[in-house]
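For reference, the structure discussed in these notes is given below.
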Amino acid sequence: MELLGEITADRPLLVVAVKEEAQFLDTDLPVLLTGMGKVNAATALATALGRGPRPSGIVNLGTAGALRSGWIGTHVVGTVVQHDLDGELLATLTGETYGAPLTLPDGGDVVLATGDAFIADEAARVRLAERAALVDMEGYALATAAALAGVPLRIVKHVSDEAGDGAARSWRESVAECARALADWAEANTPYRS
C-alpha cells in the first residue's frame, strides 16, 4: 500500500492496484496504490479511509479482462460480483448471504466479476462470461470497503486482454496503453488538477 498525496474531504481519491496502471496519472488528486488482489485492495482502502479524513468519493481505475468477444476500451462498471466465493453454498451452511452482487451509483449496465485468480484460460472465461462482461482482481473488495465507509465509488476499467489463453502476456504488453487511457478518462471525468 502506498498513498501518493493527501486525502481531503473536498476531493476524490483515485485507487489503482499497481504502479504500472498509474504510470500516466499526473494529477493533484491523491492516488492510493493497493497492490493486486482482494485482500490487498480491501485492507489498503479500509486503512486509508480509517485514518481520515474521508474523500468526497473514490474512483478505482484499473485494467480488466474481457470475458466476451468484442469488448474493448474503457467502461464504467454498474455491478460487481465475486466469482471465487461460493455464496450459495455458504448460505446453505449458515443461513446468511455472503458476497451478494453490489450495485454502484453512477454506474452503467456493465457487470464486473472480481476474484483473486488471474483468468487466463478459456474454460474459466466461458464460465464467467455467463455472469459478467469483465473480470478483475480488486473491484468487489473496493466496493465493499467503500460501502461500509459510506463513501461513493466509481469503478472504471480498461480492457487489457481477453481473459483467455495468453492473457498474462497480453496484460504485460498492453498495460502502458491501458494506463494512458485510464489517465485520459480521469482527466476528462474528475477534478484532475486544482
Side-chain angles (χ1 to χ4, degrees), residues 1 15-23 33-45 59-94 96-104 107-147 153-182 185:
M1 173 184 142
V15 176
V16 183
V18 293
K19 66 182 183 297
E20 291 86 353
E21 293 171 326
Q23 65 184 299
L33 300 172
T34 65
M36 285 186 171
K38 293 189 302 185
V39 171
N40 287 328
T43 56
L45 183 56
V59 179
N60 169 228
L61 301 169
T63 56
L67 296 169
R68 299 177 184 156
S69 295
W71 278 73
I72 59 171
T74 304
H75 303 275
V76 178
V77 173
T79 303
V80 287
V81 299
Q82 281 190 90
H83 71 75
D84 60 353
L85 178 72
D86 192 342
E88 291 177 16
L89 175 64
L90 294 176
T92 64
L93 296 173
T94 66
E96 300 289 328
T97 300
Y98 294 97
L102 300 174
T103 302
L104 303 174
D109 58 357
V110 175
V111 178
L112 173 70
T114 298
D116 279 323
F118 185 89
I119 303 303
D121 70 80
E122 290 302 317
R125 178 182 190 224
V126 169
R127 179 180 49 81
L128 288 175
E130 295 174 8
R131 298 175 57 197
L134 302 174
V135 62
D136 85 335
M137 297 176 68
E138 297 83 26
Y140 191 93
L142 295 170
T144 301
L153 169 75
R154 293 181 85 186
I155 296 178
V156 180
K157 297 294 177 176
H158 191 84
V159 174
S160 58
D161 58 79
E162 291 190 350
D165 297 334
R169 179 180 36 77
S170 295
W171 184 87
R172 283 189 300 273
E173 292 171 355
S174 69
V175 70
E177 176 186 327
C178 295
R180 173 67 67 198
L182 291 165
W185 185 94

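These numbers come from a predicted model, not from an experiment. Computed over heavy atoms, backbone and side chain alike; hydrogens, waters and symmetry mates excluded.
Looking only at distances, no side-chain donor or acceptor of Thr34 sits under 3.5 Å from a matching main-chain atom of Asn40. Using modelled atom types, no side-chain atom of Gln82 and backbone atom of Tyr140 make a donor-acceptor pair closer than 3.5 Å. Panel note: side chain Arg68, backbone Ala129; a donor-acceptor pair is recorded below 3.5 Å. A donor-acceptor contact shorter than 3.5 Å links the side chain of Arg125 to the backbone of Glu162. No donor-acceptor distance shorter than 3.5 angstrom exists from the side chain of Arg131 to the backbone of Val111, with no hydrogens or angles considered.
With sequence neighbours excluded, the residues satisfying side chain to side chain contact (heavy atoms under 4.5 Å, CB included) with Thr43 are Val39. Here Leu182 pairs with Leu61, Val156, His158 under the side chain to side chain contact (heavy atoms under 4.5 Å, CB included) rule; sequence neighbours left out. Qualifying side chain to side chain contact (heavy atoms under 4.5 Å, CB included) partners for Ala145, counting only residues two or more places apart in sequence or in other chains: Leu45. Residues that satisfy the side chain to side chain contact (heavy atoms under 4.5 Å, CB included) test with Ala42, not counting sequence neighbours, are Ala141. When the ring-ring contact (aromatic ring centres under 6.0 Å, His included) test is applied to Trp71, the partners found at least two apart in sequence or on another chain are His75. With sequence neighbours left out, the side chain to side chain donor-acceptor pair (under 3.5 Å) criterion links Asn60 to Lys157.
Closest approach of Leu153 to Ala146, counting heavy atoms only: CB-CB, 3.9 Å. Closest non-hydrogen pair, Val16 versus Ala22, comes out as CG1-N, 3.9 Å. Here the shortest heavy-atom pairing between Asp136 and Thr63 reads CB-O, 3.9 Å.
Counting only heavy atoms from C-beta outward, the side chains of Asp84 and Lys38 approach each other to under 4.5 Å. Residues Val15 and Glu138 are not in side-chain contact: their nearest non-hydrogen atoms beyond the backbone lie 4.5 Å or more apart.
For Arg180 and Glu177, the salt-bridge test fails: no basic side-chain N is under 4.0 Å from an acidic carboxylate O.
For the atom pair CD (Glu21) and OG (Ser160), the distance works out to 8.0 Å, reported to the nearest 0.5 Å. Of the inter-residue distances, the one linking Leu102 atom CG with Thr79 atom OG1 reads 8.5 Å to the nearest 0.5 angstrom.
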Practice task
Give the intermediate values and the outcome of side-chain contact (heavy atoms from CB on, under 4.5 Å) for residues Ile119 and His83.
Solution key: CA-CA 11 Å; Ile119 303 303; His83 71 75; 3.9 Å; yes

Handout entry: Intermediate values then yes/no, side-chain contact (heavy atoms from CB on, under 4.5 Å), Thr114 and Leu112
Key = CA-CA 6 Å; Thr114 298; Leu112 173 70; 4.2 Å; yes

Practice task
May I have the step-by-step check of side-chain contact (heavy atoms from CB on, under 4.5 Å) for Ile155 and Leu142, ending in yes or no?
Solution key: CA-CA 9 Å; Ile155 296 178; Leu142 295 170; 5.5 Å; no

